[in-house]
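Keep in mind that what you see is a predicted model, and the values were worked out from it rather than measured. Just so you know, ligand 1 is whichever comes first in the structure, and atom 1 is the first atom listed for that ligand.
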Amino acid sequence: MTKNVLVSGGAGYIGSHVTVELIQAGYNVIVADNLSNCDMTCFEGVKAITGKKDIPFIKIDCCDRDAVFRLFDEYRIDAVIHFAAFKAVGESVAEPIKYYRNNLDSFLNILEAGKNHGGCNILFSSSATVYGETDKLPVTEDSPRQSATSPYGNTKQICEDILRDVVSAAKSYGESMFPGTRKNGPVKGIALRYFNPIGAHPSALIGELPRGVPNNLVPYITQTAIGKRECLSIFGNDYPTPDGTCLRDYIDIVDLAKAHVAAVSRMLDGKMKKDYEIFNIGTGRPVSVYELVTAFEKVNGIKLNYKFAERRAGDVTAIWADPSLANRELKWAAERSIEDTLAAAWAWEKHLAE
Ligand code: UFG
């Protein structure tokens, strides 16, 4: 029987790319989103890319526990990929309650509904931010987590821990105490720690749609290139790195999406080695901000208006992944070159301007 995968936050940047890959891999996908940080542009793009016009779309706020339970009543859900969360680091510092309430409540509701409907497989979208600043690079999944530097980062750490604890407790869930009522069941979990997702689908039909001034580097670059922003500021050129700018592990969005298919298949095919697993999803290749900017200029034949500016508060000097566990266990590896990724990001920005 074809497996059903619920993608919460499935209309957003990462969620829409993952939905495409899941459908192309033969899964039934149910998209749930409250459209708080996106519109239907990417969902429509997903339908165009896959040719599937009848993908169920449920407009729902995952913080609404009753609505989440109704969703699980209506559909048999074999696995959930949980993206629905706020993600702006700076805003989380200004509005911690909003971040903790949204990011924790929504995840708890998904977990509880999954557990109460006979059990579930849950994939959580975590982040390299859990590693914080570290000298020992690249980071492996065993590298210690550092105290989070923002409420956003803290929600990622807390959700990882919640998932670990729920998985552990759910092992002992047996039959329902009350026949005829909902049945508790085992929960299995995977946390994927993303490094820096960038780029867009090669079709240029889905991509990142930041609201307002972008916080992240690549949308700022593409918006500067198209003339929406005047000048890119490169935050800091006095870091202890080869060219003085920060080092990151930029992972292509389609490669990242494929890692989710590999992880979901591992759960659904009973291939997990532990009931809760963590994988780094990165390339293993550090790229500096300056290198990224010059690669963008070269591959797209554009002269970008940029300047060096003060360091941005909270930025770590360098972080990149050791992705060997994911390479080995998920049989997944990042494949696209940074040039292809930056060309796709530019094609998407131009598509938006059409
Ligand atoms: N940068 C610039 N100019 C900009 C934007 C970014 O120079 O206009 C630099 C940053 O200083 C950093 C690099 O580009 O060195 C990457 O910055 P991003 O904002 O794109 O990404 P981050 O590495 O800061 O963010 C990532 C994830 C977040 C996560 C965060 C934790 O995208 O989800 O790490 O620090 F929360």
Please report the closest heavy-atom contact between Tyr75 and Pro56, naming both atoms and the distance.
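What the structure gives for the nearest pair is OH-CB, 3.6 Å.
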Which word best sums up how the rings of Phe308 and Tyr306 line up, parallel for under 30°, tilted for 30 to 60°, or perpendicular for over 60°?
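Judged by the thresholds at 30° and 60°, the geometry between Phe308 and Tyr306 is perpendicular.
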Using atom types as modelled, flag every donor-acceptor pair under 3.5 Å from a side chain in residues 29-39 to any protein atom, sequence neighbours excluded.
residue : atom : partner : partner atom : Å
Asp33   : OD1  : Leu35   : N            : 2.8
Asp33   : OD2  : Gly10   : N            : 3.4
Asp33   : OD2  : Ala11   : N            : 2.8
Asn34   : OD1  : Ser36   : N            : 3.0
Asn34   : OD1  : Ser36   : OG           : 3.2
Asp39   : OD1  : Thr41   : N            : 2.9
Asp39   : OD1  : Thr41   : OG1          : 2.5
Asp39   : OD2  : Thr41   : OG1          : 3.2

ring-ring contact (aromatic ring centres under 6.0 Å, His included) contacts in which one or both residues fall within residues 197-256, not counting sequence neighbours:
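Residue pairs with at least one partner in residues 197-256: there are none.
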Side chain to side chain donor-acceptor pair (under 3.5 Å), that's the test. Do Asn28 and Asn4 meet it? Break it down for me.
CA-CA 5 Å; Asn28 285 332; Asn4 292 338; 3.1 Å; yes
Applying a heavy-atom distance cut-off of 4.0 Å, which protein residues contact ligand 1?
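Lining ligand 1 at under 4.0 Å, by heavy atoms, one finds Val89, Thr129, Tyr152, Asn196, Asn215, Asn216, Leu217, Tyr220, Leu232, Ser233, Ile234, Phe235, Cys246, Arg248, Tyr250, Val289, Arg312, Asp315.
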Please list every donor-acceptor pair under 3.5 Å in which a side-chain atom of residues 251-264 meets a protein atom from a residue at least two apart or in another chain.
residue : atom : partner : partner atom : Å
Asp252  : OD1  : Arg336  : NH1          : 3.1
Asp252  : OD1  : Thr341  : OG1          : 2.8
Asp252  : OD2  : Val254  : N            : 2.8
Asp252  : OD2  : Asp255  : N            : 3.3
Asp252  : OD2  : Arg336  : NH1          : 3.4
Asp255  : OD1  : Glu335  : N            : 3.3
Asp255  : OD2  : Glu335  : N            : 2.8
Asp255  : OD2  : Arg336  : N            : 2.9
His260  : ND1  : Leu256  : O            : 2.8
His260  : NE2  : Tyr194  : OH           : 2.7

